[in-house]
Amino acid sequence: MLRDEFSELEMQRLNKLEQMRANGMEPFPTRSYKNCSNAEAIAAFEKAEAGSFEEPVEVVLAGRLRAIRNMGKLSFAHIEDRTGKVQLLLRVNEIGEEKLEEFVRYYDLGDFIEVQGEMFRTRRGEVTLQVQDFRMLAKALLQLPADKDETVDGEIIRHAQLTDPETRYRQRYVDLAVNPDVREIFKIRAQTIKALREFLDERGFLEVETPILQPIYGGAAAKPFTTYHNQLHQQLYLRISFELYLKRLLVGGFDRVYEIGRDFRNEGVSFKHNPEFTQLEFYMAYADYMKIMEITEQMVAQVAQKVLGTMKIQYNGQEIDLTPPWNRMQIRQGLIDHAGIDIQGYPDAESLEAVMKEKNISFKPGISRGKLINTLMDTFLEPILIQPTFLYDYPRDISPLAKAKPEDPTTVERFEGYIGGMELCNAFTELNDPLDQEQRFLEMGHTYSEDEEERNPMDEDYLRAMAYGMPPNGGLGLGVDRFVMLLTGQHTLREVILFPHLRDADQDVRKP
RNA sequence: GGGCGCGUAGCUCAAUGGUAGAGCAGCGGCCUUUUAAGCCGUUUGUUGGGAGUUCGAUCCUCCCCGCGCUCACCA
């Protein structure tokens with residue numbers, strides 16, 4: 001029971017609530033008559049002020065009490081709504097002694113209240129509501145973390161603000177309630193997703209939704225979460241990508257499609273990995289990976305421009321310029337330049353392993369040539385790719401859904417976009433030859449042992465779809481959370497995901 | 001999963017082998033234009049949980065839980 005866990009402080013608030021009820025005041029009334037936002041009220045007053053006050057600005061405002069300064073015969077307070085804060089002034093000769101005492105006695109920081117009155121400007125110059133009447137909208141029984149602002153030379157200094165990451169993530173509602181800059185991150189996130197949609201919609205892409213519960217997973221190298229449908233006695237997987245379903249739609253005649261949604265990967269958690277994350281994938285018929293590169297850099301730049309008003313972002317203390325065109329680096333050349341290894345000279349895993357060993361490069365023994373090359377990229381290229389860069393031309397064996405280069409069957413037309421030393425997106429000229437695709441599935445089956453969960457299972461229906469004819473196309477997957485990290489200057493995914501994955505809290509969540 | 005670090009009041013933090021303090025929040029009082037309001041007074045804690053060493057542990061040891069960083073894994 002909530003009540004049994006209350007501390008002394010919380011019991012005090014509960015007592016206030018009960019006293020209010022006993023005195024005929026409802027602490028949780030059903031309706032509010034708020035008729036304008038805080039920001040609108042201030043704007044309306046400033047407009048009236050500029051125009052000589054023909055009519056007083058009378059409003060009903062509502063919001064959460066964020067500051068109270070009782071001064072005997074008057075009280076100042078701030079309430080906050082979605083648009084910001086506004087100051088209240090409660091004066092005894094405006095509302096009467098009884099009303100003022102009611103405020104002082106029953107109202108606490110964190111309560112939601114409704115106030116009615118007239119806007120004016122105080123001696124210190126703050127646009128303020130002269131309160132004529134007020135009432136409780138929702139009593140807060142728990143205390144929000146103390147937090148106060150101080151303005152020094154126009155700079156806002158925050159005192160004792162909530163910073164404990166565990167409380168912030170587990171009780172995100174508290175974090176949001178007291179940290180406006182956290183709310184700002186999620187506004188930018190929403191705008192980013194909206195801008196991505198607008199970019200694709202403008203170009204004739206159709207937004208679709210495909211299954212999250214899939215009988216066969218695929219489209220990426222990752223371990224899936226498993227689940228089970230009781231009625232149908234069916235083993236199901238939470239999708240690790242949208243790819244195989246979206247490309248089926250190209251067969252169906254939707255030749256430009258995209259989906260923004262959640263992927264699930266049963267793997268480690270890190271600053272750039274969360275078990276569920278938001279992905280954008282799009283597929284475009286009659287485009288190859290070079291065309292997709294151009295669209296990608298335009299898309300990212302345009303979204304940044306729309307959301308931030310600039311294509312230059314600050315990240316890790318460096319300025320990153322998203323303006324197209326981005327750098328392009330062929331993997332072979334990049335590794336010659338930065339690792340001193342020409343992978344073309346090492347056509348199999350054994351020879352490549354040997355030269356890596358010689359150069360004291362650590363790697364997991366026994367992996368394929370493609371994975372060794374991937375290791376080289378992670379070691380030598382990824383960390384240095386701060387400015388936006390497309391790494392392109394990947395080994396065939398780690399890219400089972402990408403089309404081989406016509407002149408080099410060991411290499412596929414694939415690229416990844418890197419920004420700030422982090423992979424942002426992955427794309428290729430999609431394989432549309434069903435016979436080749438079948439061969440790739442078979443190879444994957446051989447490369448991975450039966451118990452390896454990340455092997456791509458054969459998807460017969462996907463092959464059949466392709467056999468009906470799939471237009472040549474290019475596709476892209478972009479990590480939306482990582483993109484938002486870049487746009488908001490955050491260094492961990494947890495800061496851009498409202499409720500990031502955490503371990504079980506096996507105790508009272510308020511005292512972990 | 002491995003390594004390292006951390007966990008003290010609602011929040012931010014301090015302290016010591018002798019069962020803990022500050023500011024803010026809270027409570028009581030004064031105060032009619034304040035804004036980290038101010039002034040006077042005052043309360044708060046199983047020091048994450050459990051076990052051990054010790055006359056005595058918040059501090060030392062071990063186990064567990066959680067958080068962070070990092071490596072592994074992973075696009």
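Protein chains get the first letters and strands the later ones, always in sequence-line order, with residue 1 at the start of each.
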For K99(A) and I95(A) the tightest heavy-atom approach is CB-O, 3.2 Å
Using atom [atom1] of [X] as one end and atom [atom2] of [N] as the other, report the distance to the nearest whole Å.
X: K73(A); N: G29(B); atom1: NZ; atom2: P; result: 13 Å
X: L502(A); N: G68(B); atom1: CG; atom2: P; result: 6 Å
X: R170(A); N: G7(B); atom1: CZ; atom2: C1'; result: 13 Å
X: E382(A); N: C74(B); atom1: CD; atom2: P; result: 13 Å
X: I68(A); N: A36(B); atom1: CD1; atom2: P; result: 16 Å

Regarding [X], tell me which of base, sugar-phosphate or nothing describes its non-hydrogen contacts under 4.0 Å with the strands shown.
X: R494(A); value: sugar-phosphate
X: E126(A); value: base
X: N93(A); value: base
X: K272(A); value: nothing
X: D149(A); value: sugar-phosphate
X: Q143(A); value: base
X: T163(A); value: sugar-phosphate

Using the side-chain heavy atoms of [X], tell me which of these nucleotides is nearest: [options].
X: P145(A); options: A36(B), U35(B), C11(B); result: C11(B)
X: H273(A); options: G68(B), C74(B), U33(B); result: C74(B)
X: M71(A); options: U34(B), C24(B), G26(B); result: U34(B)
X: Q12(A); options: G26(B), U33(B), G68(B); result: G26(B)
X: K148(A); options: C11(B), U34(B), A37(B); result: A37(B)
X: E267(A); options: A25(B), C74(B), C11(B); result: C74(B)
X: K16(A); options: G26(B), C74(B), C11(B); result: G26(B)
X: R91(A); options: C67(B), U33(B), U12(B); result: U33(B)
X: L74(A); options: U35(B), U32(B), C11(B); result: U32(B)

Q.
Regarding U33(B), can its base be found pairing with the side chain of R123(A) as donor and acceptor, where the two atoms are less than 3.5 Å apart?
A. no
Quiz prompt | Any donor-acceptor N/O pair under 3.5 Å between U34(B) base and Q87(A) side chain | solution = yes
message = Taking 4.0 Å as the cut-off, does a side-chain nitrogen or oxygen of R503(A) come that near to OP1 or OP2 on C67(B)?
response = yes
* **side-chain N/O R124(A) vs U35(B) OP1/OP2, d < 4.0 Å** => yes
Exactly one candidate in E382(A), E423(A), E495(A), E267(A) meets salt bridge (charged side-chain N to carboxylate O under 4.0 Å, His left out) with K272(A); the answer is E382(A)
Ranking N70(A) and V92(A) by the position along RNA chain B of their nearest nucleotide, the one closer to 5' is V92(A)
Walking RNA chain B from its 5' end, the first of E423(A) and R13(A) to be reached, judged by nearest nucleotide, is R13(A)
- request: State yes or no: are the ring centers of Y217(A) and Y237(A) separated by less than 6.0 Å?
  value: yes
> For the ring pair F415(A) and F428(A), is the centre-to-centre distance below 6.0 Å?
Replying inline: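 No.
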- Classify the ring geometry between W326(A) and F390(A) as parallel (under 30°), tilted (30 to 60°) or perpendicular (over 60°).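 Geometry flag for F390(A) against W326(A): parallel rings.
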Query raised in the report: With a 4.0 Å cut-off, would you call E80(A) and R183(A) a salt bridge?
Result: yes
